[in-house]
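Heads up: the structure comes next, in structure tokens.
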Amino acid sequence: MDKTDQIPKASKINHTHEKFGDKRADSYYWLRKKDTKEVLNYLEEENKYTHHTLKPLESLKNKLFKEMKSRIPANYNTEPVSYGKYKYYTSWVKGKDYAIHKRIYKETQKEEMILDENLVAEKSKYCDIGNIEVSNNHNILAYSIDNKGREIYDIYFKDLKTGKKLKYFISGVTSDFIWGNDNQTFFYVQQDLQTLRSFQVYRFNILNGQKDLIYEETDTQFSVILNKTLSEAFIVIVSASSETSECFYLPADKPREDIRLFAKREEKHEYHINYGDGDFYILTNKDSAFNFKLMKVRFEEKQMGYSSETWEELVPHREDVFIEDYEVFEKFIVLEVRSKGRQELEILDRETGKIHNVVFNEEIYSSELGSNYEYFTDFLRISYNSFIQPEIIYDYDVKKKKLHFKRQIPVEGEFKSENYISKREFVKARDGTLVPLSLVYKKDLKISKSTPVLLYGYGSYGISIDPAFSSSIFSLLDRGFIYAVAHVRGGAELGKKWYENGKGLKKKNTFYDFIDSAEFLIDHSYTSSEHLYIMGGSAGGLLMGVVLNERPDLFKGAIASVPFVDVLTTVLDESIPLTTGEYEEWGNPNEKVCYDYIKSYSPYDNVQRAKYPHLLIDTGYHDPRVQYWEPVKWTAKLRNYKTDDKLLLLLTYMGTGHFGDTGRFGRLKLVALYYSFFLGLEQNIWKK
């Protein structure tokens, strides 16, 4: 008997969480029992039901995928980047899912392939190449592979002269690694394989396989990353939480030396170091510089630590300009900044101290450093794009302050940017804060209360959602949709304070900003609640969960992808990957004020008896960032509580992790599904 059209119903088994005398019933806690027959059977039932329900969309989904795919060139090479005696670039070829990495020897113009990801992936259902790096002499390639989606990698070494793998490899680590300048010493980061916290740095000899631990971070709220200065002078170890950081360094030319502490950690002091020609440069929020300032100190060979009292200020703190990142070149320093909600690039002359901006003309756009591998240069590789402008690669002449066009990533077919409009509105949130709202739509669109709008949001970890080009979105715009992004607090679009005012005990600002943005679209006749759709993933999925509980009447449909929705239970469980490092983002629930605050918005804990919009939820079974059981439990509870007959669908991808399928077009298939869901709702196909 075919039961694919029957709505699945998860069993309810009594389970109670208790903290501070507060008891929370969790009848679906049993769904955490990964790989058990009961859980696998339930996930299979949900998948069968979802596939059955979405069957009417099959033709539209396939059409959308074919359409989106057709905009992407079948054969494409990236703009080569100079590094030493070679130029490196990446190719995609027709019929192949994965990239092919190549290089050109400058002296002879001879081209060679250094890694074909298609060959690496040919025996795997899932294959993520996390990182690739050549040694300083360009003879050895290191590359990392994850074949499960758990973000646990194996690192291999390939001799580029013989084309053969080296004998020794590294298993079960992160994809964060750096070469020493002797071409045989290799540094990598080990994570705790249960919690996935990056906490150790090892030094590894690729010739004999010997390794030694050079740094271990014992504070569970801190994680470790590796850097190498562009000058290739120093390896830098950064241990950081979301509010505090500490840096160590060692000479890349002497990779067997002990690491040295740069400046001792101080609570809520964030700093990052770089180096150029005898000076360390420090990006720091010291002394209430919440948007950061740039300082420097002279390198001394025998110095053991650099007190902040000895640092010299180069670029002062500015309340309206947030310095996100920087890079040090021989003659200049590039500052990646945010000003008035826009990404901008500032160039600091290291000799004169003067600053100038790289100027672009659009109202809303994204500009950032491209791939820059050489320290001694007068040119800067820059990437520029917007909602309606495909990515343009420039080489910027720093001396002449002139942009040199290199190439624009092509969009196949009849796409013309002049057929579309992008604009920015400002929403007055309930507390009076002005929240940026970016929109893009077809120029000839007649906007009314009947116009369908897809509103996207994220708003966590200080991650900014910039107006970047995506060729797939035009499949919605050409069908009459407006695409909108609410730049809610919790991101960093308007600086560090924008982030601070959307985290911890101020997290609800994120949710209110999004709801107020949705109401703005309705009040200003861009759409109505009958044509308003929303989407978010991961922490953006948390955003979806909260606003659906708060205002289920405001939207017609929603997609929550890999959503972080069982917030309180997760952050209370230190055995779950990456949990303890989250305390500074959400608050430590072992403190009652934080416990109560998180509980007051956690989507799973606040599911109510109400009429919810149509909802599609997806998850990856091996997801290490948001465990599969969070969206699965949420789905089961929503089924039990909601009082409507609207769609509630759950898709679990059994062979992937947080980021879905790998391969060139893997993600595109998922986007086609998402857009077909919204278009199906707009066309009311389930009522026909």
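Along the sequence shown, residues are numbered consecutively beginning with 1. Quantities reported herein were computed from a predicted structural model and do not represent experimental measurements.
Here the closest non-hydrogen pair linking P631 and L650 is O-CD1, 4.4 Å. Of all heavy-atom pairs spanning D5 and H52, the tightest one is CB-NE2, 3.3 Å. Across all their heavy atoms, P603 and V565 have their closest contact at CD-O, 3.3 Å. Among all heavy-atom pairs drawn from Y526 and K423, the shortest one is OH-NZ, 3.2 Å. Across S538 and V626, no two heavy atoms sit closer than the pair OG-CG2, 4.1 Å. For the residue pair L532 and L521, the shortest heavy atom distance occurs at CD1-CD1, 4.3 Å.
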* Quick one: do L616 and L647 satisfy side chain to side chain contact (heavy atoms under 4.5 Å, CB included)? Show the steps, please. => CA-CA 8 Å; L616 171 62; L647 299 178; over 6 Å; no
* Asked: Given the rule in the side-chain hydrogen bond (donor to acceptor under 3.5 Å, both in side chains) test, do Y674 and S561 qualify, once you have shown the distances and angles that lead to the verdict?
  -> CA-CA 10 Å; Y674 292 162; S561 181; 3.0 Å; yes
* Please report the C-alpha distance between H269 and T284 in whole Å, then the side-chain angles of each, then the deciding distance to 0.1 Å, and finally whether the side-chain hydrogen bond (donor to acceptor under 3.5 Å, both in side chains) criterion is met. => CA-CA 7 Å; H269 178 212; T284 172; 2.8 Å; yes
* To do: Tell me, with the steps shown, if D618 and L670 meet side chain to side chain contact (heavy atoms under 4.5 Å, CB included).
  => CA-CA 10 Å; D618 68 12; L670 194 55; 3.8 Å; yes
* **Candidate pair Y653 and Y126, rule side chain to side chain contact (heavy atoms under 4.5 Å, CB included), full reasoning** => CA-CA 11 Å; Y653 298 98; Y126 179 98; over 6 Å; no
* To do: Step by step, work out the side chain to side chain contact (heavy atoms under 4.5 Å, CB included) result for L649 and Y49.
  => CA-CA 8 Å; L649 305 174; Y49 171 68; 3.7 Å; yes
* Give the C-alpha distance, both sets of side-chain angles, the deciding distance and a yes or no for side-chain hydrogen bond (donor to acceptor under 3.5 Å, both in side chains) between K19 and N590. => CA-CA 8 Å; K19 184 82 172 177; N590 296 298; 2.8 Å; yes
* Could you go step by step and tell me if N549 and Y612 meet the side-chain hydrogen bond (donor to acceptor under 3.5 Å, both in side chains) rule? -> CA-CA 8 Å; N549 283 337; Y612 282 85; 2.6 Å; yes
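Between the side chain of E493 and the backbone N or O of I465, at least one donor-acceptor pair lies under 3.5 Å. R424 places no side-chain N or O within donor-acceptor distance of the main-chain N or O of L439, the cut-off being under 3.5 Å. In this structure a side-chain-to-backbone donor-acceptor pair under 3.5 Å is present from T451 to S448. Side chain of E344 to main chain of V337: no donor-acceptor pair is present (N/O by atom type, distance under 3.5 Å, no hydrogens or angles). When atom types are taken as modelled, the side chain of N684 and the backbone of K687 share no donor-acceptor pair closer than 3.5 angstrom. The closest donor-acceptor contact from the side chain of W30 to the backbone of S11 lies under 3.5 Å. Under a 3.5 Å cut-off, the side chain of Y628 and the backbone N or O of L31 do form a donor-acceptor pair. At least one donor-acceptor pair closer than 3.5 Å links the side chain of S245 to the backbone N or O of Y271. Side-chain N or O atoms of R338 include none that pairs as donor or acceptor with a backbone N or O of K496 at under 3.5 Å.
Screening R489, K508, K428 against D513 for a salt bridge (charged side-chain N to carboxylate O under 4.0 Å, His left out) leaves a single residue, R489. Among the candidates K23, K599, R24, the single residue satisfying the salt bridge (charged side-chain N to carboxylate O under 4.0 Å, His left out) test with D605 is R24.
For K34, the NZ atom counts as densely surrounded, since its 6.0 Å shell holds more than 12 non-hydrogen atoms of other residues, nucleotides or ligands. Residue-environment remark: NZ (K669) stays at or below the threshold of 12 foreign heavy atoms within 6.0 Å. Under a cut-off of 6.0 angstrom, the local environment of CD in E267 is sparse, with at most 12 non-hydrogen atoms contributed by other residues, nucleotides or ligands. Enclosure of atom CG in D35 by more than 12 non-hydrogen atoms of other residues, nucleotides or ligands within 6.0 angstrom is indicated. Atom NZ of K33 has 12 or fewer neighbouring heavy atoms from other residues, nucleotides or ligands inside a 6.0 Å radius. The 12-atom threshold is not exceeded at NZ of K148, counting heavy atoms of other residues, nucleotides or ligands nearer than 6.0 Å. Counting non-hydrogen atoms of neighbouring residues, nucleotides and ligands closer than 6.0 angstrom, the NZ atom of K449 exceeds 12 such neighbours.
Note that CD of E582 is 10.5 Å distant from CD of Q221, once rounded to the nearest 0.5 Å. With rounding to the nearest 0.5 Å, the separation of CZ in F222 from OG in S242 is 9.0 Å. In this structure, CH2 on W498 lies 6.0 Å from OG1 on T433, to the nearest 0.5 angstrom. Taken from CG in L554 to CZ in F514, the straight-line distance is 9.0 Å, to the nearest 0.5 Å. In this structure, CZ on R342 lies 14.5 Å from OG on S464, to the nearest 0.5 angstrom. Distance check, rounded to the nearest 0.5 Å: CD1 of I598 to CG of L572 gives 7.5 Å.
Ring planes of Y458 and Y461: tilted class, angle from 30 to 60°. A perpendicular orientation is assigned to the rings of Y483 and F387, their planes being inclined by more than 60° (bins at 30° and 60°). Note on ring orientation: taking the six-membered ring where Trp is involved, the planes of H17 and Y29 are perpendicular (angle over 60°, cut-offs 30° and 60°). The aromatic rings of Y595 and F20 sit perpendicular, their planes meeting at an angle over 60°, well past the 30° parallel limit.
Between the side chains of K497 and N291, not a single donor N or O lies within less than 3.5 Å of an accepting N or O. At a cut-off of 3.5 Å, with distance as the only test, a side-chain donor of H487 or S438 sits close to an acceptor on the other residue. Side-chain N/O atoms of Y42 and E46 include a donor and acceptor closer than 3.5 Å. No side-chain donor-acceptor contact under 3.5 Å links E591 and Y583. Donor-acceptor pairing under 3.5 Å is lacking for the side chains of R318 and S339. In the model, Y499 has a side-chain atom that pairs as donor or acceptor with a side-chain atom of E585 under 3.5 Å.
T527 has its side chain out of reach of I482: every pair of non-hydrogen atoms, C-beta onward, lies at least 4.5 Å apart.
With ring centers used as reference points, Y533 lies 6.0 Å or more from H614.
In summary, E151 and R625 engage in a salt bridge, as defined by a charged side-chain N under 4.0 Å from a carboxylate O. The pair D22-K592 fails the salt-bridge criterion, with no side-chain N (NZ, NE, NH1 or NH2) lying under 4.0 Å from an Asp/Glu carboxylate O. Salt-bridge formation is detected for the pair E266/K286: a Lys NZ or Arg NE/NH1/NH2 atom is positioned less than 4.0 Å from an Asp or Glu carboxylate oxygen. A salt bridge is absent between K506 and D431; no separation between the charged side-chain nitrogens and carboxylate oxygens falls under 4.0 Å.
In this structure, K507 fails the cation-pi test against Y601, since its NZ or CZ atom is not both closer than 6.0 Å to the six-membered ring centre and inside 45 degrees of the ring normal.
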